[in-house]
Amino acid sequence: MDLEEAREFKERCTQCAAVSWGLTDEGKYYCTSCHNVTERTREVINTGAIPNTKIQAINRGLKKKRKLEKGWDWYVCEGFQHILCQQAEALKALGVGPELKNEVLHKFWKRYLQKSRQAYCKNPIYTSRRKATVLEDHLSHSDWDSEPVLLRDVSLPCVESGAESQSDVNMQKPFPAIKASQSETGSVCSGSLDGVEYSRRKEKGMVKMTVPKTLAFCYLSLLWQRETVTLSDLLRFVEEGHIPYINTFQHFPEEMKLYGRDKGIFATESWPSYEDIYKKMIEVATFLDLPRFPDITEDCCLHPNILCMKYLMEVNLPDEMHTLTCQVVQITGMGERDFLTFDPIAKVAKTVKYDVQAVAIIVVVLKLLFLLDDNLEWSLSNLAGKHNENHKEDKPWFDFRRWYQVMKKAVDEKKQKWEEARAKYLWKSEKPLYYSSIDRSVVYKRREMVVNLQKQFSLLADSTPTIENKRPSSFQFNWTEEDPGRTCFHGHSLQGILKKKGQSLTTKNSLYWLSTQRFCRSYCKHVTTYEESNYSLSYQFILNLFSFLLRIKASFLHEEVSLIEKRLFKSRYSKPKKKSSRSKKVRRQ
Amino acid sequence: MSAFSDELLSPVAEAEGVETSVLSGTGMYIPWLRKQMDMVVTGGKKKDFAQTTSACLALIQEALLKHQWQKAAEYMHSYFQTLEDTDTNKRQAAPEIIWRLGSEILYYHPKSNVETFGTFADRMKNIGVMNYLKISLQHALYLLHHGMLEDANRNLSQAETWRYGEKSSSQEILINFIQAYKGLLQYYTWSKKKMELSKLDEDDYAYSTATQNMLNHSWKTSVNLSALIKVPGVWDPFVKSYVEMLEFYGDQDGAREILTNYAYDEKFPANPNAHVYLYNFLKREKAPRDKLISVLKILYQIVPSHQLMLEFHRILRSSDKEEHRKLGLEVLFAILDFSGCTKNITAWKYLAKYLKETLMGHHLAWVQEEWNSRKNWWPNFHFSYFWAKSDWMEDKALACEKALVAGILLGKGCRYFRYVSKQGHQILRKKIKQMNKSVKRHSIVNPGL
């Protein structure tokens with residue numbers, strides 16, 4: 001047992017993770033701390049012939065050439081390009097127009113590379129000599145586009161001539177020179193050439209790519225194309241696995257090796273959150289210096305009138321409510337083109353959260369109709385119930401209580417399934433990532449163990465696999481007349497809640513309470529706070545219902561509701577006089 | 001989750017857990033099996049990985065509580081990924097959590113069998129070093145539950161020879177454990193051989209080889225057992241079998257030393273059985289009465305309702321010392337303080353007889369001393385009208401004894417005594433008459449009457 005000889009073996013022990021090896025008589029390595037014997041043997045050149053001679057000639061340097069780990073030379077930005085490419089393909093498969101990938105997302109990405117001076121500019125941050133060849137190389141390898149990209153016209157239709165000149169200005173700034181030698185030793189701490197450099201890079205005004213930002217790019221292109229997919233839809237598709245997001249790196253080409261710093265850059269163990277991606281989207285759009293986006297007009301799917309209709313259907317509310325939501329949209333001016341259209345170069349870049357806003361409008365309308373004070377909605381339900389008893393032939397009046405019962409059951413079921421599915425989610429990729437090469441064997445061994453254990457237990461699970469591969473859909477619920485548990489309320493009328501006044505209809509209920517009286521002006525960025533217990537149970541239910549639908553926090557929706565109320569009852573807020581009562585009389589005009 | 005891992009990391013809790021599982025005999029022992037649905041994210045943003053895996057753990061525990069083994073296995077499938085957690089602490093705690101959950105599932109799952117369990121155990125043994133011994137031990141216990149003694153023995157021998165380098169010292173107690181269980185298995189074989197031997201004739205040719213065989217066994221066993229029982233703890237089955245072997249080979253001194261140490265060493269937790277074993281041993285040895293009394297006195301302090309207390313009373317009764325005789329009365333009263341002993345006819349009989357004896361011996365003060373603390377609750381506890389009726393229905397002899405005690409303690413007017421004496425049963429008439437007489441003579445309430 002020669003400890004001296006075993007020094008060359010540097011891998012971690014799979015049992016106890018120590019690096020302390022001895023040699024057994026058979027020439028196998030064993031761990032001196034836990035006595036685990038590996039299957040690795042020293043490479044011994046059999047000198048043959050003479051028995052009883054100590055086998056001395058030993059092939060020094062155990063697998064010294066780590067050529068196994070050496071794949072292509074690749075840059076971090078290429079990795080992100082692969083992810084974007086996968087995501088764009090997935091979006092196409094979901095039915096998004098094919099132009100999105102090549103016309104929009106591609107151009108945004110090119111512009112990003114240019115702005116961040118990683119490519120398509122005169123003075124890229126990498127040593128230009130190497131860079132040019134590498135980029136050309138990788139772009140032709142990726143299936144991004146068949147024609148050589150570098151030869152194409154760089155300027156986008158939406159890009160003002162500023163792009164070129166701007167990079168010229170930037171050029172004057174001194175940048176830390178990157179050693180050319182890095183390419184040779186690049187694979188020491190990361191699989192990519194610039195992984196280490198990339199994770200260290202901190203420049204003012206630079207927007208570094210991260211995995212969540214790929215979704216910001218996707219959403220920006222969807223918005224540019226005015227596609228029907230809202231941000232909450234996009235994130236839901238991600239969570240349901242229709243759009244690649246977690247472990248996207250395992251679909252990189254075989255020769256793109258990832259380890260070390262690449263792990264921190266490409267591995268994610270969280271789903272994207274609405275607020276986060278929303279913020280990142282604005283950040284990216286501002287960084288890219290994008291012009292005003294195409295107008296959101298009334299016939300566009302992101303217009304509140306259309307989205308309200310969609311969400312009314314989704315949550316099983318009567319179609320008749322749509323006229324009311326349209327009225328609210330009109331009064332508040334939220335249907336205006338200038339209000340809706342995203343303009344990153346405006347003074348304060350801000351875009352409408354189309355889905356959250358549409359849902360908030362519905363909440364406001366529900367408050368107008370039923371007050372939602374845990375009282376009026378139930379007495380109105382009694383009236384409707386009685387009427388429906390007596391007039392079974394007629395179009396039924398909308399009964400809030402029955403709707404609540406149906407929705408409560410449906411949402412609770414859905415929520416439970418959702419939670420169970422999340423608990424069962426498998427995060428780890430088939431291709432494990434590790435920090436340094438001595439961890440490699442441990443990480444792979446562990447992976448193998450997990451797979452074996454999973455195999456064993458999957459035999460013990462229910463024989464009928466419940467994994468119903470859900471088709472992607474913008475609707476999560478399905479309402480029909482036939483099934484009493486899923487009664488459809490779309491055709492129910494609002495008679496009994498509305499009354500005629502002159503020529504127009506107004507709500508019977510003439511009261512309203514404001515969700516918030518004061519808006520926070522401090523730096524915390526919270527418009528208002530939402531303390532559940534301060535609000536009526538029906539209001540809580542409705543907020544929870546909608547926030548589950550969009551997978552956002554209830555407080556986030558509450559904020560949006562408050563903002564709409566602020567527009568709707570402008571006069572109330574502008575009056576300096578402080579109101580003491582929460583309930584205010586508000587007349588519908 | 002963190003408290004949970006801490007619990008797992010403390011070796012003492014673990015050691016006791018294993019012990020209990022032997023005694024309870026129903027399935028594997030999972031001390032922390034409780035519902036903990038902490039899905040609330042506190043503090044900074046937790047990774048969704050951490051959040052979903054802890055939700056998954058909660059769902060597995062829920063399924064286990066509801067005995068939904070298939071569902072638990074389904075979630076287990078996802079829970080294995082905690083072995084690859086990027087959080088080092090959690091990753092290190094994961095194998096043990098997984099082992100416990102998984103072994104519980106495999107113990108009950110309809111599709112599971114000895115092989116499946118074995119495969120799982122072997123896999124888990126080799127994930128990290130720290131769990132090898134614990135898992136080996138529990139695997140052996142599982143095999144014992146299934147009556148596979150030889151496999152269990154092989155497993156334990158294998159575990160015994162496993163070495164950890166520097167890590168061995170922290171696991172010493174576990175090695176002791178494994179050796180002790182091995183010893184227990186050897187004891188079992190020995191005990192079987194002893195049975196066979198008792199059937200053989202002493203002049204038989206086979207006899208001497210059999211004894212030789214037994215001797216070999218006992219030597220190995222004693223080596224295996226003695227290490228563990230020196231460590232403070234509750235080791236009843238080990239101590240018992242070890243002592244039996246020592247006694248069989250005539251090493252009375254060794255046995256006495258072990259039992260005395262087990263009962264009296266202050267480092268050991270209070271354990272009534274230790275005193276019971278010592279008492280039984282001394283009784284077999286025909287030790288002097290004073291010695292027996294001193295052992296039982298301690299047992300009396302720990303468990304006043306122990307079944308040996310009646311025997312204790314008998315010993316005290318026959319003692320010459322006044323204080324012993326007084327203690328004899330105390331012991332009887334103490335037994336009957338427990339609701340589990342209210343129908344113990346022997347206790348009542350002893351009490352009735354002993355009360356008479358004590359009063360005749362002019363020790364009214366002793367009786368009053370005991371009675372003072374009980375007089376405001378015993379009448380309702382023992383001597384209510386309800387009890388009189390139901391005792392009479394169920395067991396007339398018991399009712400008579402109790403009535404006599406009631407009469408002595410409470411006087412003729414008490415409900416219990418009146419009810420029983422009025423029943424005037426044919427066969428018992430004589431007895432009741434006698435009872436009336438003795439009550440008249442001895443009652444402490446109105447001695448003059």
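Remember, predicted model here, so these are calculated numbers, not experimental data.
The line from CZ of A:R447 to CD of B:E84 is 4.5 Å long, rounded to the nearest 0.5 Å. In this structure, CD in A:Q454 is found 7.5 Å from CD in B:Q81, a value given to the nearest 0.5 Å. Distance check: A:F457 CZ to B:S112 OG gives 8.5 Å after rounding to the nearest 0.5 Å. Taking CZ of B:F120 as the start and CG of A:L460 as the end, the distance is 10.0 Å to the nearest 0.5 Å. Rounding to the nearest 0.5 Å gives a distance of 9.0 Å between CD of A:E420 and CD of B:E74.
At distances below 3.5 Å, not a single donor-acceptor pair connects side-chain atoms of A:E269 with backbone N or O atoms of B:F49. Side-chain atoms of A:S270 come within 3.5 Å of backbone N or O of B:D48 as a donor-acceptor pair.
For the pairing with B:T52, the side chain to side chain donor-acceptor pair (under 3.5 Å) check across A:Y425, A:W271, A:W427 returns one residue only, A:W427.
Minimum interatomic distance between B:N126 and A:M449 (heavy atoms only, all atoms of both residues): O-CE, 3.5 Å. Counting all heavy atoms, side chain and backbone alike, B:S78 lies closest to A:A423 at CB-O, 3.9 Å. When all heavy atoms of B:A73 and A:A461 are compared, the closest pair comes out as CB-N, 4.1 Å.
Of the listed residues (A:K263, A:R422, A:Q456, A:K455), the greatest number of heavy-atom pairs within a distance under 4.5 Å of chain B belongs to A:Q456.
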For the pair A:K428 and B:T82, evaluate side chain to side chain contact (heavy atoms under 4.5 Å, CB included) and give the outcome as yes or no after the intermediate values.
CA-CA 9 Å; A:K428 298 295 176 182; B:T82 51; over 6 Å; no
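A:L459 touches chain B through its backbone: at least one of N, CA, C or O sits under 4.5 Å from a heavy atom, while the side chain does not. Neither the backbone nor the side chain of B:I98 comes within less than 4.5 Å of any heavy atom in chain A.
Looking at B:R91 and A:R446, their side chains come closer than 4.5 Å, going by heavy atoms from C-beta outward. Side-chain atoms of B:H77 and A:L453, non-hydrogen and from C-beta on, never get closer than 4.5 Å to each other.
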